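Keep in mind it's a predicted model, so treat the numbers as computed, not measured.
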Amino acid sequence: MAARAHVKYMTEGEGGLSAALLAGVLVCLFAAARAEDAAFAFHAYLSAAASLGGLMLVLSHFAGRDASPVPQEVNGKPNYNLGPVKFAVIASVVWGIAGFLVGVIIAFQLWAPELNFGLPFTNFGRLRPLHTSAVIFAFGGNVLIGTSFYVVQRTCRARLAGELAPWFVVLGYNFFIVLAGTGYLLGVTQSKEYAEPEWYADLWLTIVWVVYLLVFLGTIWKRKEPHIFVANWFYLAFIVTIAMLHIVNNLAMPVSVFGSKSYPIFSGVQDALIQWWYGHNAVGFFLTAGFLAIMYYFIPKRAERPVYSYRLSIIHFWALIFMYIWAGPHHLHYTALPDWAQTLGMTFSIMLWMPSWGGMINGLMTLSGAWDKLRTDPVLRMMVVSLAFYGMSTFEGPMMSIKAVNSLSHYTDWTIGHVHSGALGWVAYVSFGALYCLVPWLWNRPRLYSLKLVEWHFWVSTLGIVLYITSMWVAGIMQGLMWRAYNALGFLEYSFIETVEAMQPYYLVRALGGVLFLTGALIMAFNLYMTVRGSEAEEEEQVPVLAPAPAPLPIAAE
């Protein structure tokens, strides 16, 4: 009897996602036809095209796979799903360079406003949220999604939950970035710091984020390793808390379901409190907890040493999670917010210094017995320097939350310097270190293309950061002092335009620092590209080996 041919059927995931994407095409086309403004129509057509593209990808996946399901293990080892991780790594590099470039452009616009060119699309007011979203959510978000998908598989010794769901997360998240970025250029914004995308983009992100949480939890649920590694706790805190912050802060009522404009349900001081509860905890859980997860996995792996103190990591985790959520009101000192709420935010901000430095010390002490690696491994050096910037930023932040200091620093460029010491020195450097580790692992390369290029990246970028933050510290303190200076008659000593003119040389230094940082990122992109190609630099220098000292010559007896 002839063997029966295997009949291939769509899985529930393939069928359900195909139906949802087909419905998305039809709904988006209908919304585009009924659109009340050009920006909404553009995004509706863009969403229809993305839904159609997603449908084609699902059908292509179905046509190309075998009838049998993907094995969870091969030869007794986990069959890791690294495709979504590779995509997130590539996307993070591309978005990072784009975000750094826009940052350099707007830095030069502050130095020379003529560089706005009088065009709506190149206006500072539209490029600035494009820069912040590109570096925080596009670059940082892809690093977090990519590393979390890699780390949770390796530490749980299990394949990612779902076959299409991880791809839905990385592709859906990057489509959200496209919606947000093009929206800013078209003038679509709800004017909330770090939460500028309008209601329909926020709804889409909510769907993607819920799937992200389910994939992460599903992978932990099916783990073969009974112990849950500490990095996964930090990733989980980041995912859950960001979901809560995003939903509450973006509660809004659209003017029309066929228009881009909406109004928040909160107003006045309540809206300000909710916004900075969101804003500061976006820093706390997106830019801190998520990247601490990277630190807890990649520094021990690179140093080939265990985490210094697992007990300290648990204390670090729970103290950080409990305290950070209360610190947001320190952004609203001397406003209509009740004084007790301002003091509460200040108090918890000062308390945050202790768990933050506990995490920094835990990371630095992980190098016990491996400090010599800093001479020969610039990747590890970059991650260790990121911890130093983390410690500096988490000391400066609590200090700036004190009301007496805040009265001088707030609304000045000192805050800009503080934010970028954390963003460039901590977040970007630990991300760069993770990317340098991941690319050879993901593409099965023995080593990076060139460690010399990593050295160049490190020193060029570090010089850029130093120029950036020192110029902003000096400029910010000068701003604060000029704004509060009075003459003998009790009038303000300086007009506002005089304070702006005084900033010009510092803005130029800041822009030049940004150019250096962007240059370092371009060096990294070339290095990673050559690594993926499988090339090795000819000038790769050998690690020097210490030779024993020669034996002393015998001394003749007198």
Side-chain angles (χ1 to χ4, degrees), residues 102-132 184 187 189-194 196 268-269 271-273 275-276 279-280 329-337 339 342 345-346 396-397 399-424 466-515:
V102 176
V104 169
I105 291 171
I106 61 175
F108 276 108
Q109 285 182 347
L110 286 173
W111 172 65
E114 301 82 9
L115 295 175
N116 282 270
F117 299 119
L119 302 172
F121 304 112
T122 57
N123 187 277
F124 179 89
R126 295 191 183 185
L127 291 183
R128 194 266 178 177
L130 181 66
H131 162 64
T132 54
Y184 302 151
T189 174
Q190 60 175 349
S191 303
K192 287 192 169 190
E193 185 78 352
Y194 310 135
E196 287 92 347
V269 72
D271 184 48
L273 178 59
Q275 161 58 30
W276 284 110
H280 192 76
H330 76 228
H331 287 264
L332 298 170
H333 283 330
Y334 305 105
T335 66
L337 191 71
D339 191 65
Q342 299 177 34
M346 178 185 72
E396 184 184 25
M399 180 186 69
M400 293 173 71
S401 74
I402 300 171
K403 286 186 176 181
V405 180
N406 195 267
S407 65
L408 175 68
S409 70
H410 209 38
Y411 308 117
T412 72
D413 287 322
W414 184 356
T415 304
I416 309 303
H418 163 65
V419 167
H420 282 79
S421 68
L424 304 181
V466 171
L467 288 176
Y468 193 116
I469 61 179
T470 52
S471 63
M472 290 298 96
W473 283 337
V474 175
I477 293 172
M478 186 169 71
Q479 270 181 324
L481 293 174
M482 291 179 74
W483 289 348
R484 61 165 60 180
Y486 292 89
N487 60 23
L489 298 176
F491 296 105
L492 288 174
E493 183 77 26
Y494 304 100
S495 66
F496 183 77
I497 193 61
E498 288 178 301
T499 66
V500 174
E501 290 173 347
M503 296 301 106
Q504 193 174 33
Y506 302 101
Y507 284 163
L508 178 59
V509 174
R510 187 255 295 270
L512 295 177
V515 169

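To the nearest 0.5 angstrom, His418 atom NE2 is 14.0 Å from Asp413 atom CG. Within the model, atoms CD1 of Ile416 and OH of Tyr507 stand 8.0 Å from one another, a figure rounded to the nearest 0.5 Å. For the atom pair Met503 CE and Glu498 CD, the distance stands at 11.5 Å (nearest 0.5 Å). To the nearest 0.5 Å, the span separating CD1 on Ile106 from CG on Asn116 amounts to 10.5 Å. Annotation: the span from Met482 atom CE to Ile477 atom CD1 amounts to 14.0 Å, rounded to 0.5 Å. Rounding to the nearest 0.5 Å places OG1 of Thr415 at 4.0 Å from CE of Met400.
No side-chain heavy atom of Thr412 sits under 4.5 Å from any side-chain heavy atom of Met478. Asn406 is not listed as a side-chain neighbour of His330, based on a closest heavy-atom distance of 4.5 Å or more. Residues Met399 and Ser409 are not in side-chain contact: their nearest non-hydrogen atoms beyond the backbone lie 4.5 Å or more apart. Between His333 and His410 the shortest side-chain heavy-atom distance does not fall below 4.5 Å. Between Phe496 and Glu501 the shortest side-chain heavy-atom distance does not fall below 4.5 Å. Counting only heavy atoms from C-beta outward, the side chains of Pro329 and Gln342 never approach each other to under 4.5 Å.
Checked options Asn123, Leu127, Val104; the residue passing with Gln109 is Leu127 (criterion: side chain to side chain contact (heavy atoms under 4.5 Å, CB included)).
Ring geometry, Trp276 versus Tyr194: the interplanar angle exceeds 60°, so the pair is classed perpendicular (tilted spans 30 to 60°). The aromatic rings of His420 and His131 lie parallel to each other, with less than 30° between the two planes, well short of the 60° mark. Aromatic ring pairs are classed by plane angle as parallel below 30°, tilted from 30° to 60° and perpendicular above 60°; the pair Trp111 and Phe108 is perpendicular.
Closest non-hydrogen pair, Trp473 versus Gly417, comes out as NE1-C, 4.2 Å. Scanning both residues, Ala485 and Tyr494, for their nearest heavy atoms gives CB-CE1, 4.0 Å. Of all non-hydrogen atoms in Ile402 and Met346, the two that sit nearest each other are CA-SD, 3.7 Å. Closest heavy-atom contact between Gly514 and Tyr468: N-CD1, 4.5 Å.
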Ring pair (Phe, Tyr, Trp, His ring centres under 6.0 Å) between His280 and His331, intermediate numbers included: CA-CA 8 Å; His280 192 76; His331 287 264; 5.1 Å; yes
Chi angles and distances behind the side-chain contact (heavy atoms from CB on, under 4.5 Å) call for Ile105, Leu115: CA-CA 8 Å; Ile105 291 171; Leu115 295 175; over 6 Å; no
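Under a 3.5 Å cut-off, the side chain of Tyr184 and the backbone N or O of Gly125 do not form any donor-acceptor pair.
With respect to the salt-bridge test (charged N to carboxylate O, under 4.0 angstrom), the residues Glu196 and Arg126 do not qualify.
For the residue pair Trp483 / Glu493, no side-chain donor-acceptor distance below 3.5 Å is found, with atom types taken as modelled.
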